[in-house]
Amino acid sequence: MKSTHPKIVIVGGGAGGLELATQLGHKLGKRNKAQILLIDKNRNHIWKPLLHEVATGSLDSDLDGVVYSAHAAKHGYQFQLGTFSALDIKNKSLTLAPQLDENGQQILPWREVSYDKLVIAVGSVSNDFNTPGIKEHCYFLDSHQQAKRFHNALLDNFTRIHQAENNKSLNIAIVGAGATGVELSAELYHVADLLKVYGLSNMTGKKLNIHLIEAGSSILPALPPRISAAVRRELSGLGVNVMENTRIAKASEQGFITSEEQLIPADLMLWAAGVKAPDFIKDMGIFELNRANQILVKGDLTASVDADISVIGDCCACRLPDGNWVPPRAQSAHQMALCVQKNLLREFKGQPLVDYQYVDYGSLVNLSRYSTIGSLMGNLTKNSMFVEGRIARLVYISLYRMHQRAIHGTAKTIALWFAEKIMKVVRPRMKLH
């Protein structure tokens with residue numbers, strides 16, 4: 001690094017980006033050794049694996065989220081609201097698009113931000129594979145705004161069914177039986193059964209018809225067959241119609257239409273099948289990409305086209321020794337953030353960079369209050385340590401606590417845990433607005 005006070009810019013405040021900004025803020029920013037700047041198009045952060053709970057109202061993102069500007073002030077980095085739109089590698093600057101309010105009025109103009117080191121952590125979005133009608137008729141869960149949009153539509157439909165004089169049901173179709181689709185299916189039954197506590201007694205889980213649609217031969221295709229089979233049994237027991245080997249050809253106002261021209265009727269349609277890096281990454285025409293638009297990196301997580309740019313999280317294309325890609329999971333983003341943090345500090349001291357090594361600690365699927373199922377220590381035990389029930393639930397919760405600890409520290413994480421326990425007494429068990 002050439003300057004006395006180098007500028008490290010991190011674009012994207014997801015799990016990896018926020019953890020990296022926090023740790024670099026402590027180790028460099030607070031010590032006035034570097035300027036750390038985090039850029040995100042949103043003002044607050046919510047842990048992405050919890051978005052299905054925001055969508056159902058089990059979690060209130062306004063209360064449980066992290067406000068970037070307030071967090072930055074305490075942790076030694078700066079925050080700037082902005083949408084990454086262009087990159088000039090030669091002059092080491094990036095362009096932020098104008099920021100608009102909900103009425104389309106400009107809040108912030110076009111801006112140029114210079115950097116010495118750039119970390120791209122813009123995450124991923126759902127991949128609709130250009131299927132006709134998906135963008136027009138489906139909800140997505142890529143951000144907390146999208147989760148809130150689904151939540152509002154869900155409440156409207158709950159109210160409609162509750163006040164209907166006939167005995168109608170609510171049809172919800174979810175395409176993609178990965179963790180998001182599976183966990184959302186279970187959570188929907190949970191909140192539907194909570195409604196009677198809040199005066200919507202005519203809308204219960206018995207009036208829910210959930211279709212979970214998977215193009216592959218089994219749900220949770222990235223996980224071991226034993227987990228997939230156990231989760232499938234749990235979902236079927238709840239009443240979920242699990243539809244495997246079912247390809248969607250298009251979406252319409254009435255529902256999804258399969259490749260065999262079967263209509264799957266739906267009042268609400270959600271698309272959670274596959275992920276890719278945002279399209280603007282490809283549109284820049286700068287980086288080498290894989291088929292999912294992810295940016296190809298070297299072993300030390302620097303971009304293949306520029307050593308001053310690192311990439312972490314879901315937008316990073318990092319190959320494993322077996323030729324597969326590092327999976328887009330929260331644990332991957334966490335590990336990548338640690339690796340880039342270490343490398344930036346090593347480079348700061350004139351030391352050689354180290355390569356990233358992905359460690360699979362297993363996978364857990366949380367089926368709301370009904371069950372938690374998964375495997376621990378993934379590549380250390382060949383996914384053979386099968387866990388479920390309370391032990392699995394505790395491990396699942398601990399993953400979120402680890403994320404909180406990385407961005408808040410141990411003391412505040414414990415305080416947050418106590419605060420959550422107290423708030424459960426006075427706050428509704430689901431968000432109803």
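Positions are given from 1, in the same order as the sequence printed here. What you are looking at is a predicted structure, and each value in this text was computed from that prediction instead of being measured.
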Exercise for review: Would you kindly say whether Arg149 and Gln146 are connected by a side-chain donor-acceptor distance under 3.5 Å?
Suggested key: no

Exercise for review: Please work out which of the three classes, parallel, tilted or perpendicular, describes the rings of Tyr358 and Tyr356, given edges at 30° and 60°.
Suggested key: tilted

**Study point:** Closest approach of Ala147 to Leu141 (non-hydrogen atoms, all atoms of both residues)
**Key:** CA-CD2, 3.7 Å

Practice item. Give the ring-plane orientation class for His71 versus His408, where under 30° counts as parallel, over 60° as perpendicular and anything between as tilted. Key: perpendicular

Exercise for review: State, to 0.1 Å, how close Asp40 and Gly13 come at their nearest heavy-atom pair, and which atoms those are.
Suggested key: OD2-N, 2.7 Å

Exercise for review: Check the pair Tyr189 / Ile210 against side-chain contact (heavy atoms from CB on, under 4.5 Å), numbers first and verdict last.
Suggested key: CA-CA 9 Å; Tyr189 275 100; Ile210 296 180; 3.5 Å; yes

Exercise for review: Report the C-alpha separation of Phe280 and Thr83 in whole Å, then their side-chain angles, then the decisive distance to 0.1 Å, and conclude whether the side-chain contact (heavy atoms from CB on, under 4.5 Å) test is met.
Suggested key: CA-CA 11 Å; Phe280 77 86; Thr83 301; over 6 Å; no

Check your understanding: Strictly by modelled atom types, are Asn209 and Asn241 linked by a side-chain donor-acceptor pair under 3.5 Å?
Key -> no

Exercise for review: Decide whether Asn290 and Gln294 meet the rule of one side-chain donor and one side-chain acceptor closer than 3.5 Å.
Suggested key: yes

**Study point:** Donor-acceptor contact below 3.5 Å, side chain Asp142 vs main chain Ser126
**Key:** yes

Review point. Where do Leu87 and Ile89 land on the side-chain contact (heavy atoms from CB on, under 4.5 Å) test, with the steps shown first?
Key: CA-CA 6 Å; Leu87 177 62; Ile89 290 180; 4.1 Å; yes

Check your understanding: Under 3.5 Å, is there a donor-acceptor pair linking the side chains of Asp101 and Asn103?
Key -> no

Practice item. Measure the acute angle between the ring planes of Phe150 and Tyr139, then classify it against the limits of 30° and 60° as parallel, tilted or perpendicular. Key: perpendicular

